[in-house]
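Order of the sequence lines sets the chain letters (A, B, ...), proteins ahead of strands, with each chain counted from 1. As a basis for the values below, the full set of heavy atoms in this structure was taken, side chains included, without hydrogen atoms, waters or symmetry mates. Just so you know, these numbers come straight off a predicted model, no measurement behind them.
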Amino acid sequence: MPTFDLSLPPAHFVEEEYQARVWMNHFLQSHRMNGGLGLDSETSGATKHKDVVMLWSLSDGANRVCLPAKFIPLFREPILENPEINFDLTNAKFDAHMFANSGADLSKAGQWRDTLVQSFLYNENNQGRHGLKECVKDHFDREPPTFDLIFGKLPPAKKGTVKKTYADLINEALADPVKRAAAADYAAMDAFNTTCLRKHFDEQLGQLMMYQGTSLRDFFYSVEVPFTKVLWKMERRGFQIDAGYLWALKGPMEQRMQEIEKEFAKAAGQLVNLRSVPSIRWFFYEFLKKEHWKKTKGGSTGLQQPSTDVEVLEDWAGQGDDWAKLLLEFRGIDKIYGTYVTSIMELLDSNYRVHTSLNQIGAQSGRLSSSDPNLQNIPRPSEDQFRIRDAFVASKDKKLIVADYAQLEMRLMAHFSQDEKMIKAIIDGIDLHCLTVSEMYGIDYDEVIGAVKAEKKHKKNELGRELTNREITLLMYRQACKATGFGIIYGIGGPKLASQLTKMGEKVYAEAEGWHLIEQWFNIFPSVRVFIEGAKKQIKSIGFVQTLTGRFRRAGEISFMSKKDASQTERTLVNAIIQGSAADIAKASMLQADVDPVLCGYGARMLLQVHDELVFEVPDVPEVVKECKSRLQAIMENPFGSPLRVPLPAEVGEGYTWATAK
DNA sequence: GGCGGCGGCACC
DNA sequence: AAACGGTGCCGCCGCC
């Protein structure tokens with residue numbers, strides 16, 4: 001429980017301008033004593049680029065006040081955009097969007113302290129319990145009323161009637177004097193609880209030391225607080241979409257899918273829903289009487305059923321099954337159609353820009369996640385026949401620059417393990433996977449590299465001959481070694497590695513071969529094994545690991561776990577050292593890029609992060625593009641004051657679409 | 001009609 | 001001997 005007074009002050013609902021001015025003057029003083037102002041809003045809905053503030057509330061811990069939206073202009077400059085005032089919020093970016101849509105730019109104010117982020121730093125394992133209501137329950141043992149209780153539930157949408165909105169619910173409540181008081185009490189409670197939580201987490205995080213002299217509280221204020229604003233600006237800018245391009249894809253996709261549906265219907269004598277797994281199961285296993293060799297996981301019921309996934313279908317397709325081939329084609333189209341064409345078109349704003357949400361507490365490793373829409377899983381152009389990334393374009397008179405780290409996670413493995421051979425190879429600019437092939441199979445390194453170069457030329461039709469069998473073999477070896485290296489970062493086992501390699505290539509790998517590859521890989525880079533074993537020991541003894549910047553990834557109580565859960569936790573935490581540190585590096589680059597005088601001076605605008613990749617929009621002037629590229633590269637390659645044991649090269653490209661800029 | 005589990009699949 | 005880390009979202013389907 002917190003050390004400060006938690007008693008709830010009465011809620012005030014401001015109706016007259018003179019009241020508003022009195023409270024404004026009060027908060028202009030009291031925010032200093034409280035170390036910030038709690039701020040929350042009730043909005044007309046949850047669409048980032050459209051919805052607006054209906055009611056908003058301020059609290060300095062001793063008072064709580066609810067105001068209607070009409071007072072936003074009056075408070076805009078002195079309070080909401082005042083750089084002297086720090087705000088305490090829960091889900092800060094959301095409220096900031098709503099205020100921006102209502103004419104107030106909160107990004108001009110002081111800090112945004114987001115209690116979601118504080119709660120995450122306090123315990124990243126409390127999944128789903130970082131929200132305001134959950135934190136108030138868990139930390140203050142109080143249960144504030146829910147929105148529904150005060151404002152009622154949105155009735156189910158009915159055909160032919162006008163949809164009721166949250167704005168309607170709030171307006172209805174305000175029209176009734178009794179309900180209005182309850183609404184004000186509810187809204188102002190959230191602002192009060194938010195500022196209390198911020199102070200509570202300040203105390204708690206202050207006790208948790210990341211390393212000598214630095215607490216999680218320090219980390220929150222120096223890294224996470226500024227980062228929230230960086231992310232908000234990216235969300236706010238949005239990414240320009242070539243809606244015509246997407247629109248043009250729709251028709252042909254629908255047509256081809258219908259053709260395939262008809263083929264199945266004709267053969268089966270009835271409609272087969274190709275999007276339904278049970279229907280597909282029926283078609284292949286009952287109707288065509290195919291043998292099954294793979295079953296589904298079976299979830300909570302434990303009911304395992306014959307699988308119809310890509311792996312199975314590709315196996316059948318390889319044996320000449322045209323139905324499997326057709327279904328693969330259907331799935332390939334439908335995935336893109338449903339997830340990336342129609343859904344993105346529905347999320348465009350009036351300028352055809354799409355505004356993702358970049359979730360600061362998205363991954364327990366410390367990575368971001370992206371949603372509504374998820375722009376971190378748009379198909380790569382090399383794999384995508386529809387080239388969805390070509391629909392992501394630069395705005396008028398702008399150009400995109402895309403920068404990504406090369407083998408960031410492998411380099412971090414080298415840094416953490418301090419493996420001599422690995423570090424030397426990286427510093428000498430040697431291709432790690434080729435080196436592994438060379439050592440593992442006793443082949444000359446230059447010959448392996450030669451095969452890689454030949455393949456590159458072949459892809460660009462510059463080779464002037466076919467690849468030799470020897471080259472193909474070497475490339476296969478390299479694929480295997482590359483997959484092994486990645487797998488080791490994930491804590492892979494022999495069977496999984498074998499099945500993955502079998503899926504990738506022409507050769508069938510046995511489980512023993514998988515284990516052998518892993519063993520051999522460890523023999524080439526022996527310190528990596530030592531590092532992983534050491535990390536596992538630490539996880540067993542103290543129950544946590546830390547990333548490059550000292551961020552924690554904590555385990556539950558391992559001694560109470562089943563053997564299976566314990567080893568799962570070990571794999572997760574070992575991986576978190578690498579994945580989390582990569583996230584730290586990306587974050588540091590973004591923080592620097594956001595305030596960099598060169599990039600800011602040229603008007604470069606950061607739009608998107610995809611873990612190890614950053615997308616910017618810059619003025620379409622050759623000299624500007626060139627300067628921004630080299631500046632961004634310099635920032636990314638030296639994200640911290642102190643260098644790592646290996647360099648962190650970043651590759652930078654430019655173009656008018658996301659697909660072509662890489 | 002909303003919701004959650006499931007199978008499947010896109011990304012790093 | 002067995003066990004691939006981190007995400008979000010689609011449509012379907014059964015349940016309430």
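Comparing A:Gln568 and A:Thr339 by the nucleotide of DNA chain C whose heavy atom lies nearest to each, the residue mapping closer to the 5' end is A:Gln568.
Residues satisfying the salt bridge (charged side-chain N to carboxylate O under 4.0 Å, His left out) test with A:Asp584, not counting sequence neighbours, are A:Arg551.
Aromatic ring centres of A:Tyr166 and A:Phe147: separated by under 6.0 Å. In this structure, the ring of A:Trp316 has its center less than 6.0 angstrom from the ring center of A:Tyr285.
Here the side chain of A:Ser119 pairs no donor or acceptor atom with the backbone of A:Leu116 at under 3.5 angstrom.
Put simply, CG on A:Leu347 is 12 Å from C1' on C:dC9, counting in whole angstrom units. When the P atom of B:dC12 is taken as reference, atom CD of A:Glu409 falls 12 Å away, rounded to whole Å. Per the geometry, CZ belonging to A:Phe416 stands 19 Å off P belonging to C:dG5, to the nearest Å. One interatomic measurement links the two molecules: CG of A:Leu271 to P of C:dC12, which rounds to 12 Å at whole-angstrom precision. Rounded to whole angstrom, the span from the CZ atom of A:Phe330 across to the P atom of B:dG7 amounts to 20 Å.
Side chain of A:Arg275, nearest nucleotide from C:dA3, C:dG11, C:dC10: C:dG11.
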Interface polar pairs with nucleotides 9-11 of chain B, N/O, under 3.5 angstrom:
residue, atom, partner, partner atom, Å
B:dC9, OP1, A:Arg331, NH1, 3.3
B:dC9, OP2, A:Val310, N, 3.1
B:dC9, O2, A:Lys335, NZ, 2.9
B:dA10, O4', A:Tyr340, OH, 3.4
B:dA10, N3, A:Asn377, ND2, 2.9
B:dC11, OP1, A:Arg380, N, 2.7

Using a cutoff of under 3.5 Å, can you pull out all pairs of nitrogen or oxygen atoms linking the protein to nucleotides 13-16 of chain C, with atom names and distances?
residue, atom, partner, partner atom, Å
C:dC13, OP1, A:Ser276, OG, 2.4

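If you check the side chains of A:Ser357 and A:Lys93, you find no donor sitting under 3.5 Å from an acceptor.
Across all strands, A:Gln364 comes closer than 4.0 Å only to sugar-phosphate atoms, never to a base (heavy-atom distances). In this structure, A:Lys564 reaches neither bases nor backbone, as no heavy-atom distance under 4.0 Å exists between it and the strands shown.
A salt bridge (charged side-chain N to carboxylate O under 4.0 Å, His left out) with A:Arg256 holds for exactly one of A:Glu329, A:Glu261, A:Glu263; it is A:Glu329. A:Leu375 pairs with exactly one of A:Leu607, A:Val610, A:Leu608, A:Leu358 by the side chain to side chain contact (heavy atoms under 4.5 Å, CB included) rule, that one being A:Leu608.
Close to B:dG7, at under 4.0 Å from its OP1 or OP2, lies a side-chain N or O of A:Thr296. Considering only side-chain N and O atoms, A:Ser307 lies nowhere under 4.0 angstrom from the phosphate OP1 or OP2 of B:dG7. Contact check, A:Ser365 against C:dG5: no side-chain N or O comes under 4.0 Å of OP1 or OP2.
A salt bridge links A:Arg353 with A:Glu617: the distance from a Lys NZ or Arg NE/NH1/NH2 to an Asp or Glu carboxylate oxygen falls below 4.0 Å. Between A:Lys540 and A:Glu570 there is a salt bridge, since at least one side-chain N of the basic residue sits less than 4.0 Å from a carboxylate O of the acidic one.
Remark: ring of A:Tyr490 does not overlap the six-membered base ring of C:dG6 in a stacked fashion, as centroids less than 5.5 Å apart with planes less than 30° apart are not both met.
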